[in-house]
Amino acid sequence: MIRIYNTLTQRKEEFQPIEPGKVRMYVCGMTVYDYCHLGHARVLVSFDVITRYLRHCGYDVHYVRNITDIDDKILRRADENGEVFTDLTDRMIEAMHEDEARLGVLSPTEEPRATAYIDEIIAMIHKLVASGHAYAADNGDVYFAVDSFDEYGKLSKKKLEDLVAGARIDVREAKRSPADFALWKAASEGEVSWSSPWGEGRPGWHIECSAMSTCCLGDTFDIHGGGPDLLFPHHENEIAQSECATGQEFARTWMHAGAIRVNKEKMSKSLGNFFTIREILESYPAEVVRYFLVSSHYRSQVDYSEENLAEAGRSLTKLYLALRGVMPSKAGVVPETEHDRGFMEVMNDDFNTAGAISVLHAVANDINQQRREGREDEAKQSAAVLVRLGSILGLLQQDPEAFLQADAGGELSAEDIDRLIQARADARKNRDFAEADRIRDELADKGIILDDSREGTTWRRA
RNA sequence: GGCGCGGUGGCAGAGUGGUUAUGCAGCGGACUGCAACUCCGUGUACGCCGGUUCGAUUCCGACCCGCGCCUCCA
């Protein structure tokens with residue numbers, strides 16, 4: 001039985017899908033006007049692990065993650081670049097897919113794009129206008145009337161009167177209430193636009209997610225997720241739009257990832273303190289970045305720092321060292337172990353990946369001990385368990401040598417390294433330890449660490 | 001100001017009303033030519049003050065501190 005923390009109720013709840021055995025999940029994806037940063041990676045990886053685990057538990061997961069490919073920021077950026085906005089979005093979508101692939105994020109079941117759902121968006125707005133939840137303003141915009149929805153604020157725990165009183169809300173003449181938000185924005189001269197009953201224009205932010213989620217998953221679905229900064233206003237507004245349009249409960253469980261921080265501040269576009277995924281991947285292997293993200297709970301805030309990434313690298317290396325030189329038994333034939341059960345127990349508690357990783361280390365410890373005691377068959381079984389559990393977190397799926405030796409040596413080729421290792425072996429045989437140590441130091445300077453064993457010497461990157 | 005989250009050993013990071021994860025770093029030992037790898041051992045950490053309790057880091061209350069949202073942001 002899986003328990004999930006629901007932002008809506010502010011407590012962990014037993015997860016019961018609407019349709020037994022099937023999970024319908026929608027996660028807010030990117031607005032594609034720039035490269036993904038580590039905060040995006042957090043959401044991508046968190047919901048990837050959640051999807052993998054739910055599937056491991058036997059659920060048929062229908063995972064929808066949208067792409068918002070039309071909005072003001074996109075148009076502004078395209079304008080700055082002097083390009084057609086679709087060129088910008090196409091490029092960013094391709095980059096996003098590359099980043100995801102490198103981080104081992106599986107593709108969602110569906111990846112709808114806002115521009116492909118304009119008709120559905122218009123239909124939903126039409127419904128809202130017809131039912132009195134929205135109104136067309138004189139300037140051609142269509143707004144959602146927030147006071148027409150009694151439950152507005154139920155997700156973010158905000159009171160409408162506080163919002164209206166807030167000084168930071170944009171007060172536009174056309175709005176009836178300052179808290180109202182745009183469903184449809186009238187186009188100015190020369191702007192990208194679509195025809196609608198309210199004139200030429202484009203969708204406002206929020207409505208595209210309401211339209212795409214209900215079209216792909218139905219009026220009510222199981223899980224809706226996203227980043228922490230989407231809770232308000234984006235998700236609050238989605239609830240208002242969807243529940244008013246369909247008359248049904250929107251999403252049962254709301255899940256929000258924690259923020260990534262840099263020097264105690266949230267990593268964000270507006271603060272400019274963000275690191276893009278591709279930037280980080282220049283310095284760290286993708287799996288290390290993934291391990292770093294998975295090693296803390298998805299809801300907690302995590303601090304990005306060089307030291308934390310480096311530590312994640314050392315920790316992951318330890319797991320791969322345990323796997324090195326052990327051919328795992330066929331995963332399918334290895335029966336469930338106490339480690340599998342321990343792993344599931346912690347994962348069932350709101351996807352506690354930090355606890356799950358401690359199980360991985362316990363298995364690695366078993367492997368090391370078993371090999372040490374010459375129990376090779378048991379070690380192979382344990383290795384199979386480690387790879388099996390790792391796959392649920394999207395980790396440990398590489399050949400250990402590939403991980404341990406990737407991008408190492410600088411100008412030294414693998415052949416050069418092997419030659420030096422052989423030279424050192426000869427020196428050691430001749431008990432010329434000064435020469436042997438000199439070679440080892442030379443390799444160490446190049447970032448190569450040597451590991452000796454009875455079977456010979458292996459190397460890895462520092 | 002309103003709302004929400006959090007303060008765990010040197011660091012990272014889980015968790016629990018009493019047996020006190022895990023990783024990194026450190027220390028001692030084994031292994032090694034010496035190291036690395038690995039194994040064994042080692043550290044009585046739970047912001048502060050009260051309360052409940054036989055017993056609280058874990059429950060309750062106050063306080064201090066940090067962070068997030070309230071405007072675009074994952």
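Here is the naming used below: chain letters follow the sequence lines, and residue numbers restart at 1 for every chain.
Between K266(A) atom NZ and C5(B) atom P the separation is 17 Å, expressed in whole Å. Going from atom CG of D366(A) over to atom P of U22(B) covers 12 Å, rounded to whole Å. Summarising the geometry, the separation between CG on N430(A) and P on G33(B) is reported as 15 Å, rounded to the nearest angstrom. Distance CE (M267(A)) to P (G68(B)): 13 Å, rounded to an integer number of Å. Between the CG atom of L38(A) and the C1' atom of A74(B) there is a distance of 10 Å, given to the nearest Å. The distance between atom CG of D445(A) and atom C1' of A35(B), rounded to the nearest whole Å, is 15 Å. With rounding to whole Å, H235(A) atom NE2 is found 11 Å from A74(B) atom P. The separation between R371(A) atom CZ and C40(B) atom C1' is 19 Å, rounded to whole Å.
Phosphate contact (OP1/OP2 of A74(B), side-chain N/O of K269(A), threshold under 4.0 Å): present. In this structure, K318(A) reaches the C24(B) phosphate: one of its side-chain N or O atoms is under 4.0 Å from OP1 or OP2. Applying the 4.0 Å criterion to OP1 and OP2 of C3(B), one finds that Q10(A) has every side-chain N and O outside that range. Note on K157(A): every side-chain N or O is 4.0 Å or more away from OP1 and OP2 of C70(B).
Here, G66(B) and C27(B) have their P atoms 35 Å apart, quoted to the whole Å. C49(B) and U44(B) have their C1' atoms separated by 23 Å, given to the nearest Å. Annotation: A45(B) and G23(B) have their C1' atoms spaced 16 Å apart (nearest Å). Here, G15(B) and U19(B) have their C1' atoms 14 Å apart, quoted to the whole Å. With P as the reference atom, C69(B) and G28(B) are 46 Å apart, rounded to whole Å. Straight-line distance between the C1' atoms of C48(B) and G61(B): roughly 13 Å, to the nearest whole Å.
By the neighbour-count criterion of 12 heavy atoms within 6.0 Å, atom CD of E345(A) is sparsely surrounded, having that number or fewer from other residues, nucleotides or ligands.
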Protein heavy-atom contacts under 4.0 Å, written 5' to 3' over nucleotides 8-17 of chain B as B (base), S (sugar-phosphate only) or - (none), form the string ---BSSSS--
Mind listing the N/O atom pairs, protein and nucleotides 56-59 of chain B, below 3.5 Å?
none

Close N/O contacts between protein and nucleotides 41-46 of chain B (under 3.5 Å):
none

Output a table of nitrogen or oxygen pairs between the protein and nucleotides 29-32 of chain B separated by less than 3.5 Å.
none

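Remark: F181(A) engages F144(A), H206(A) in a ring pair (Phe, Tyr, Trp, His ring centres under 6.0 Å) (not counting sequence neighbours).
Mapping G258(A) and Q369(A) onto RNA chain B by nearest heavy atom places Q369(A) closer to the 5' end of the strand.
In terms of polar N and O atoms assigned as donor or acceptor, the side chain of H361(A) never comes within less than 3.5 Å of the base of A21(B) in a complementary pairing. Contact annotation: side chain of R314(A) to base of A25(B), donor-acceptor pair absent below 3.5 Å.
In this structure, of C72(B), G2(B), A74(B), it is G2(B) that holds the atom nearest to the side chain of K158(A).
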Give the dot-bracket line for RNA chain B from 5' end to 3' end: parentheses for intra-strand Watson-Crick or G-U pairs under 3.5 Å, square brackets for crossings, | for inter-strand pairing, dots for unpaired. (((((((..(((.....[...))).(((((.......)))))....(.(((..]....))).))))))))....
Given L395(A) and L319(A), is the side-chain contact (heavy atoms from CB on, under 4.5 Å) satisfied, shown in steps? CA-CA 10 Å; L395(A) 297 171; L319(A) 295 177; 5.9 Å; no
